[in-house]
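What follows is a set of notes on a single structure, which appears directly below.
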Amino acid sequence: MDFVLKSEPGAPLPIPPIDFRGELNDEQFAAVTAPPGPLLVLAGAGSGKTRTLTYRVAHLLSQGVRPHEILLLTFTNKAAREMLHRVQDLTGVEAHRFWGGTFHHIGHKILRIYGESIGLPRSFTILDAEEADSLLREAVEEKDKVFFKDKTHPRPGPLFEIISFARNTQRGLGETITRFYPQHEALAGLIGGFAAAYRERKRRQAVVDYDDLLEYWLELLRAAPDVAAYLQQRFRHALVDEYQDTNTLQAQIVDIVGAHHRVMAVGDDAQCIYSWRGANFENILTFPDRHPGTQIYRIETNYRSTPSILAFANGVLAAQPKGRHFDKELRPARPDHEKPYLVQTLDTREQASFVVQRIKGLVDEGRALADIAVLYRAHFHALDLQLELSRIGMPYVITSGVRFFEQAHIRDLVAMLRFTYNPSDAMAWQRIAVLLPRVGDRGAQRLHEAALAHARAHQQNLVDALASNEVLAKVPKESKDEWPRLVISLQQIAGTLRNEKPFKTVEIAIEGWYGDYLKGAYANYTSRLDDLKSLIGFASRFDDMQDLLAQIQLLNSETSDRQVDPDADALRLTTVHQAKGLEFGVVFILGLADGMFPLRRAIEADDLDEERRLFYVAVTRAKDELYLCYPKVNAKGGPATLLSPSRFLTEVSEELHQPLRLRRSWGW
DNA sequence: CGCCGTTAACTTTTT
DNA sequence: GTTAACGGCG
């Protein structure tokens with residue numbers, strides 16, 4: 001077995017001297033310089049959590065720990081980037097020298113090296129969420145043709161969620177359904193069979209879904225004790241950001257990797273907002289039990305927000321049900337300013353015009369647009385505002401649905417790369433094949449099967465087998481003309497995989513059949529071609545096709561900011577989830593009405609605690625001014641309905657905010 | 001039987 | 001803007 005991770009032996013890296021004592025407050029300093037051992041850092045919002053983590057890394061380096069001995073785990077790509085960037089600024093040590101990234105990234109990296117010891121094929125590829133859904137749908141339909149015809153049965157997406165939730169929480173499917181999806185109790189047996197069929201399909205196609213990256217990682221640690229032992233001694237220090245958002249699977253991984261009790265877990269149970277992904281803040285509460293001798297450090301001085309905003313945030317926390325959470329109180333360090341404003345508007349359109357007018361005023365007062373953010377629970381809550389901003393021409397960036405790697409043409413091209421790299425990957429093949437005239441899901445599958453059969457019979461590469469007469473016979477006659485060009489293009493791509501760098505392969509792919517297809521398929525051909533060309537640039541950062549492919553799948557949700565000049569002064573529109581960890585001088589929170597924030601679904605499911613924590617996250621993003629916007633009427637989607645103010649507003653004392661009266665001069 | 005264009009409904013949060 | 005379901009057509 002290959003035990004050699006790329007390592008850089010030798011002397012510790014020289015890093016510039018850092019005045020830890022002078023640059024940190026007492027609470028931070030204590031955590032940063034804590035002796036090795038299990039450490040739990042409870043960091044309130046705005047208390048310098050990232051700062052503490054980055055200085056901890058710097059401190060370890062200054063103690064002679066080498067970068068590759070440090071494992072840094074985060075939840076989002078953004079957090080990973082931010083952290084490594086700040087470490088580099090502080091110490092000059094480049095990001096790539098650490099093992100730092102999301103759980104899924106690190107899992108992938110480790111499975112790439114050791115996966116074969118648990119039977120994972122070397123050239124496995126990763127499905128994104130949508131592909132995983134449709135693979136599950138196929139698996140279900142194969143076993144039970146009419147399952148989805150019954151409208152009381154879960155659709156593929158929700159069904160996937162159920163199975164995924166069971167996996168991430170390490171519970172049996174039956175128990176999961178009984179406890180969390182009792183409406184599907186009667187289907188438990190069926191669903192178990194579907195999950196097994198889905199697993200089998202993934203195995204046959206040599207593909208893994210996101211959950212597999214964690215599941216196999218844990219399986220590896222348990223089934224291959226030598227690997228586990230190696231990783232345990234190699235990563236002398238493991239640091240976990242946002243520990244409150246770990247699910248059972250992740251917590252167990254951390255427990256094993258950090259078995260020598262050199263884990264520093266950093267988090268805030270009041271900011272656990274991912275329980276729909278299985279996050280369980282019990283993990284942070286019981287961390288000291290699972291790691292005897294845990295030292296707990298609290299960082300509660302808040303440098304971000306004014307006392308009034310913090311008082312309001314503490315008020316939100318005070319409304320949490322009594323029970324299991326660490327008590328905390330954010331302590332202000334700044335002089336006071338205005339109380340949060342409560343802004344009542346007629347509807348969401350008036351809400352939009354208020355926000356725009358107020359922002360104009362703020363800009364006149366000298367506030368930079370980039371220092372202002374508008375937060376909301378769900379993307380569609382910001383529709384009116386987007387319209388209004390476009391109308392008056394105010395620049396804004398929105399982190400939202402249209403994501404670079406999720407655009408159809410990007411995914412098509414990536415599918416071609418993925419299919420040539422791993423020809424078993426039927427989902428990738430399907431995506432390409434249905435672009436041909438008169439080829440649908442079914443035809444694509446049959447073509448794949450025919451090619452597979454031919455390849456096996458003639459000991460041939462599957463891509464070459466596509467050119468065989470047996471396969472050609474299954475191509476609809478409307479596609480016969482195009483077929484050879486597609487196959488040649490795929491062969492060219494396959495040909496470059498071995499001896500060329502990934503960016504070259506991408507180039508060849510764009511110049512081949514797909515480029516022609518693009519011309520015919522889209523009116524905005526040139527701008528889409530530009531996207532593909534920028535993919536060449538992205539690919540040039542990689543030496544290895546699998547790394548490139550994995551990165552693309554795992555960056556899937558990364559937002560596209562290509563058309564926006566990063567230095568431009570622009571207003572920020574974002575969901576609360578995506579705003580976690582950020583801060584802005586002025587924050588507007590939209591749609592603070594029952595049914596919007598909290599979402600209607602959450603109210604119906606009686607799952608309000610998490611929504612409240614989300615509101616807490618939103619409130620604590622604000623440094624100087626906070627506007628809480630509440631539309632009285634929902635005019636969207638049919639008859640207007642009267643809305644009640646969000647219960648999160650009414651459960652906080654009225655003393656803690658002030659009404660802002662609207663001048664209705666802007667009209668509508 | 002399976003494909004394709006049209007229609008209708010609809011949108012939580014992320015890897 | 002985007003996907004799922006429907007009904008007609010090859």
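Proteins get letters first, then strands, A, B, ... in listed order; numbering begins at 1 in each.
- As rounded to the nearest Å, B:dT12 and C:dA5 have P atoms that lie 16 Å from one another.
- Across the protein-nucleic acid pair, A:Leu375 atom CG and B:dT13 atom P stand 14 Å apart, rounded to whole Å.
- In this model, the phosphate group of B:dT12 is not approached by any side-chain N or O of A:His379 to a distance below 4.0 Å at OP1 or OP2.
- At a threshold of 4.0 Å, the pair A:Glu482-A:Arg485 does not count as salt-bridged, since none of the basic side-chain nitrogens sits closer than that to a carboxylate oxygen.
- Rounded to an integer number of Å, the gap from CD of A:Glu161 to C1' of B:dT11 is 14 Å.
- Regarding contacts with the backbone of B:dT14, every side-chain N or O of A:Arg277 stays at 4.0 angstrom or more from both OP1 and OP2.
- Atom CD in A:Gln553 sits about 14 Å away from atom C1' in B:dT14, given to the nearest Å.
- A tilted orientation is assigned to the rings of A:Tyr274 and A:His577, their planes being inclined by 30° to 60°.
- Rounding to whole angstrom units, CD1 of residue A:Ile273 and C1' of B:dT12 are separated by 11 Å.
- Phosphate proximity of C:dA5 to A:Arg155: present, with a side-chain N or O under 4.0 Å from OP1 or OP2.
- Annotation: of the two residues near DNA chain B, A:Gly440 and A:Arg377, the 5′-most nearest-nucleotide partner is A:Gly440.
- If you check every strand for non-hydrogen atoms under 4.0 Å, A:Val576 touches nothing.
- Of the residues listed (A:His448, A:Glu138, A:Arg442), the one engaging A:Gln430 in a side chain to side chain donor-acceptor pair (under 3.5 Å) is A:Glu138, and it is the only one.
- Rounded to an integer number of Å, the gap from NE2 of A:His104 to C1' of B:dT14 is 9 Å.
- OP1 or OP2 of B:dT14 sits under 4.0 Å from a side-chain N or O of A:Gln578.
- Of the two residues near DNA chain B, A:Val434 and A:Tyr274, the one whose nearest nucleotide lies more 5' is A:Val434.
- When ring centroids are compared, A:Tyr525 and A:His409 stay outside the 6.0 Å threshold.
- Atom C1' of C:dA4 sits at a distance of 22 Å from the matching atom of B:dT13, rounded to the whole Å.
- Nucleotide B:dT13 holds its P atom 14 Å from the CD atom of A:Glu610, rounded to whole Å.
- Counting only heavy atoms from C-beta on, A:Thr76 has its side chain closest to B:dT14 among C:dA5, B:dT14, B:dT11.
- Put simply, A:Arg442 has a side-chain N or O that comes within less than 4.0 Å of OP1 or OP2 on B:dG2.
- Between A:Glu478 atom CD and B:dG2 atom P the separation is 16 Å, expressed in whole Å.
- For A:Phe380, the listed nucleotide lying nearest its side chain is B:dT12; candidates were B:dT14, B:dG2, B:dT12.
- Between A:Phe597 and A:Phe648, the two ring planes are perpendicular [angle over 60°; tilted spans 30° to 60°].
- Here B:dT12 is the nucleotide among B:dT12, C:dA4, B:dG2 with the atom lying nearest to any side-chain atom of A:Ala378.
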Going through the checks in order, is the side chain to side chain donor-acceptor pair (under 3.5 Å) test met by A:Tyr198 and A:Asp209? CA-CA 11 Å; A:Tyr198 169 66; A:Asp209 62 22; 2.7 Å; yes

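- Nucleic acid contact class of A:Pro476 (heavy atoms, under 4.0 Å, all strands): none.
- Rounded to whole Å, the distance from CD on A:Gln445 to P on B:dG2 is 11 Å.
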